[in-house]
Structures are given as structure tokens and as C-alpha cells.
Amino acid sequence: MRSIMHVRCSTIDDPFVISAMVPWSYFWTEHRHHGVRWALCAKEICYINQFLGQFFQSGKTLAIERGKGLNQPVMRVAAQRVAHGDWLHVFPEGRVGYAGTMGAFKWGIGKIVCDSIRSGQQLPLILPFYHSGLANILPKGSMAPRPGNEVTINVGSLIDISDLAPRCNCEGKELQQAWKEITSRIEDAMRHLESQSVPNKSQMPRVDKEGESAAEVAPKLPSKTE
């Protein structure tokens with residue numbers, strides 16, 4: 001039973017990072033072992049038309065709708081895949097982050113873990129990893145990858161949630177608290193991994209002390225005719 005997660009800083013991370021970490025023979029033999037990862041992808045990105053929808057669906061990608069909350073059906077499907085023993089690749093922030101550092105994690109990851117435990121009565125294996133440098137390959141706003149840049153991947157240790165797992169059988173507010181604490185445990189492990197990794201550069205506009213962007217405060221250079 002597997003669940004692997006990392007933080008997004010570029011839209012090229014999945015499937016390209018996964019493809020670099022796993023032998024190609026593993027993908028070519030998917031029809032035998034059915035072990036290639038499942039992933040969640042925003043519906044407005046991966047399923048904007050029928051062609052893309054078929055493409056991502058054939059790549060074991062589940063469409064999630066941002067803003068629809070924790071109880072949308074795809075969350076239950078993701079938990080069932082984990083309970084079944086499948087590999088689920090998750091982005092705990094629920095978005096692409098361009099600040100160069102991790103943002104707050106969403107409770108959805110805690111809910112998926114708890115729901116998988118309630119369905120399968122087994123602890124999922126949670127393996128975090130952190131990558132650096134993908135923003136140099138596909139920066140924010142870019143459509144074409146830029147080869148020749150280095151990417152580093154730091155794989156952490158399995159995250160132990162055995163002490164929190166029994167609380168997944170609670171109900172109501174106690175269950176929600178279990179989601180929160182599992183998410184916090186995972187976030188703490190990821191932040192520790194981030195501190196040991198090569199920093200990611202910020203892709204956000206530089207802002208001066210008065211809140212104006214660098215482009216707004218830059219002086220206008222005289223033209224040759226002035």
C-alpha cells in the first residue's frame with residue numbers, strides 16, 4: 001500500500017520526474033503488474049477537452065475539481081486506490097507553488113490517508129520526496145521545456161503515522177482532527193526534507209518595500225532619439 005508525495009514548483013514534475021526515478025521497463029510492463037502511479041490533476045488543467053481527458057485518463061490521472069471540497073467523489077476513489085495497495089502520487093499543497101518555498105498543506109491528504117485506512121484497515125506507506133531545479137526547465141508561463149538544466153531529487157524516509165491511525169475510525173470533529181494531525185505530521189516531514197534540499201528559486205515578481213513590483217518602480221530608460 002503506497003502513497004508518495006512531493007511539492008510542485010513546475011507543471012512538468014509529473015510525469016517527468018517520476019519517469020526519471022523509475023526504470024522505463026516498469027512503464028512498458030504496466031499491463032502485467034498494474035503498478036504505475038495514480039495521480040490527481042485539476043480538471044481545468046488536465047480535462048479541458050476530450051483529447052486531453054483521454055490522454056490523462058489513460059495515464060492513470062484522476063480529475064479533481066478545485067474548490068469542490070473534501071467530499072467530492074474523486075477523493076474517495078483516490079483513497080480506494082491506496083487501500084487497494086496502489087501507488088498514489090499526491091501534491092499536498094493542492095496547487096503549483098511559484099514562491100520557491102512550500103506553502104500550507106491541504107487537509108485532503110489527511111482525509112485520503114484516513115479513508116484508505118477505514119477501507120483497507122492497513123497503514124499506507126507514505127514516502128516524501130523534494131525536487132529542486134524544475135523551474136529552470138519549465139518556468140512559470142513557459143510552454144516549451146528547456147533542456148540542459150540540472151534537477152536534484154531528495155527522497156526522505158517513510159512517515160510513521162501508526163500512533164494517529166486508530167483515530168481514523170472516529171467520526172465527526174474527532175475524525176476531522178485526525179485528518180488535520182496526519183496532514184501536520186506529513187507537512188513537518190516535508191519541511192524537514194526541504195531544509196536538507198537544494199533551494200528552489202522564487203518565480204514570483206520581485207516587490208519593493210512599498211508593495212510595488214520591480215517592473216513598476218524601474219526608471220524609464222531614455223530612447224536613442226531622446
Side-chain angles (χ1 to χ4, degrees), residues 1-8 10-66 68 70-94 96 105-106 108-131 134 151 153-162 165 168-169 179 182-183 186 189-190 193:
M1 186 176 300
R2 297 166 289 179
S3 178
I4 298 181
M5 59 195 63
H6 80 283
V7 175
R8 306 198 80 172
S10 171
T11 55
I12 202 173
D13 48 10
D14 188 327
F16 291 97
V17 168
I18 299 298
S19 300
M21 296 173 67
V22 178
W24 279 93
S25 59
Y26 192 73
F27 296 99
W28 304 139
T29 55
E30 160 70 4
H31 63 287
R32 299 177 186 170
H33 54 72
H34 305 290
V36 171
R37 69 95 186 92
W38 287 89
L40 298 171
C41 186
K43 186 176 181 179
E44 68 270 21
I45 295 176
C46 295
Y47 287 81
I48 57 175
N49 57 52
Q50 186 174 1
F51 173 77
L52 279 178
Q54 289 295 327
F55 174 79
F56 282 105
Q57 188 173 23
S58 65
K60 300 176 74 171
T61 301
L62 303 172
I64 190 166
E65 296 188 65
R66 291 173 177 170
K68 293 289 185 174
L70 298 175
N71 293 318
Q72 55 184 294
V74 70
M75 297 290 287
R76 292 192 294 272
V77 174
Q80 289 167 2
R81 297 323 313 167
V82 177
H84 187 261
D86 290 351
W87 166 12
L88 176 67
H89 186 204
V90 182
F91 309 101
E93 292 176 290
V96 180
F105 283 17
K106 304 292 187 181
I109 181 60
K111 183 178 189 301
I112 288 174
V113 169
C114 265
D115 285 353
S116 73
I117 293 172
R118 289 162 70 100
S119 298
Q121 297 301 313
Q122 296 184 62
L123 285 177
L125 301 179
I126 305 174
L127 181 68
F129 70 90
Y130 188 95
H131 59 68
L134 277 181
V151 174
I153 302 171
N154 190 0
V155 181
S157 301
L158 291 173
I159 301 173
D160 183 13
I161 59 163
S162 57
C168 289
N169 292 313
W179 301 346
I182 289 174
T183 301
I186 293 170
M190 287 292 292
L193 196 60

*Asks:* For the residue pair F91 and H89, does the interplanar ring angle fall in the parallel (under 30°), tilted (30 to 60°) or perpendicular (over 60°) class?
*Replies:* tilted
*Asks:* What is the distance from atom CZ of R32 to atom NE2 of H34, rounded to the nearest 0.5 Å?
*Replies:* 11.0 Å
*Asks:* Under 3.5 Å, side chain of R76 to main-chain N/O of N71, donor-acceptor pair present?
*Replies:* yes
*Asks:* Run the side-chain contact (heavy atoms from CB on, under 4.5 Å) check on W87 and I18 step by step: do they pass?
*Replies:* CA-CA 12 Å; W87 166 12; I18 299 298; 3.7 Å; yes
*Asks:* Check L123 against A165 and note the closest heavy-atom contact, atom names and distance.
*Replies:* CD2-CB, 3.2 Å
*Asks:* Side chains of I45 and R66: does their closest heavy-atom pair fall under 4.5 Å?
*Replies:* yes
*Asks:* Applying side-chain contact (heavy atoms from CB on, under 4.5 Å), run through V82 and L125 and close with a yes or a no.
*Replies:* CA-CA 9 Å; V82 177; L125 301 179; over 6 Å; no
*Asks:* Measure the spacing between OH of Y26 and CZ of R37 and express it to the nearest 0.5 Å.
*Replies:* 11.5 Å
*Asks:* Do you know which two heavy atoms are closest between S157 and L127, and how far apart they sit?
*Replies:* C-CD1, 4.2 Å
*Asks:* Please examine the side chains of L40 and T61, heavy atoms only from C-beta on, and report whether any two atoms are closer than 4.5 Å.
*Replies:* no
*Asks:* For M190 and P128, work out which heavy atoms get closest and say how close.
*Replies:* SD-CB, 3.1 Å
*Asks:* Which heavy atom in P124 sits nearest to a heavy atom in I117, and how many Å separate them?
*Replies:* CD-CG1, 3.8 Å
*Asks:* Starting from the C-alpha separation in whole Å, work towards a yes-or-no answer on side-chain contact (heavy atoms from CB on, under 4.5 Å) for M75 and I64.
*Replies:* CA-CA 8 Å; M75 297 290 287; I64 190 166; 3.8 Å; yes
*Asks:* Are any non-hydrogen side-chain atoms of E30 and V36 less than 4.5 angstrom apart?
*Replies:* yes
*Asks:* Report yes or no: does K43 contribute a side-chain atom to a donor-acceptor pair with the main-chain N or O of I48 at less than 3.5 Å?
*Replies:* no
*Asks:* Say whether, by atom type as modelled, one donor and one acceptor occur between the side chain of E44 and the main chain of E65 under 3.5 angstrom.
*Replies:* no
*Asks:* Closer than 3.5 angstrom, by distance alone: can the side chain of H84 be matched with the main-chain N or O of D86 as a donor-acceptor pair?
*Replies:* no
*Asks:* Nearest 0.5 Å, what's the CH2-SG distance between W179 and C168?
*Replies:* 10.0 Å
*Asks:* Using every non-hydrogen atom in the two residues, find where L70 and G108 come nearest and quote the distance to one decimal.
*Replies:* CD2-CA, 3.5 Å
*Asks:* Does any part of the side chain of F56, heavy atoms only, come nearer than 4.5 Å to the side chain of L62, both counted from C-beta?
*Replies:* no
*Asks:* Side-chain contact test, heavy atoms from C-beta onward, threshold under 4.5 Å: evaluate it for C114 versus I182 and give yes or no.
*Replies:* yes
*Asks:* Spell out, as yes or no, whether a donor-acceptor pair under 3.5 Å connects the side chain of T183 to the backbone of G110.
*Replies:* yes
*Asks:* Looking at residues at least two apart in the chain, or sitting in another chain, which of them share a side chain to side chain contact (heavy atoms under 4.5 Å, CB included) with A189?
*Replies:* I159
*Asks:* Could you tell me which non-hydrogen atom of S25 sits nearest to which non-hydrogen atom of T29, and how far apart they are?
*Replies:* O-OG1, 2.7 Å
*Asks:* May I ask you to check whether over 12 heavy atoms, not counting those of F27, lie within 6.0 Å of atom CZ?
*Replies:* yes
*Asks:* Can you list the steps and then say if I126 with L158 is a side-chain contact (heavy atoms from CB on, under 4.5 Å)?
*Replies:* CA-CA 6 Å; I126 305 174; L158 291 173; 5.9 Å; no
*Asks:* Applying salt bridge (charged side-chain N to carboxylate O under 4.0 Å, His left out) as the test, list every pair that has at least one member in residues 112-126; sequence neighbours left out.
*Replies:* K111-D115, R118-E171
*Asks:* Would you compute the distance between atom NE2 of H131 and atom CE of M21 and round it to the nearest 0.5 angstrom?
*Replies:* 9.5 Å
*Asks:* Quick check against the 3.5 Å criterion: does S119 have a side-chain atom that pairs as donor or acceptor with the backbone of S116?
*Replies:* no
*Asks:* Quick one: are Y130 and I153 in side-chain contact, heavy atoms under 4.5 Å?
*Replies:* no
*Asks:* Mind checking whether F105 and I186 have side chains closer than 4.5 Å, heavy atoms only?
*Replies:* yes
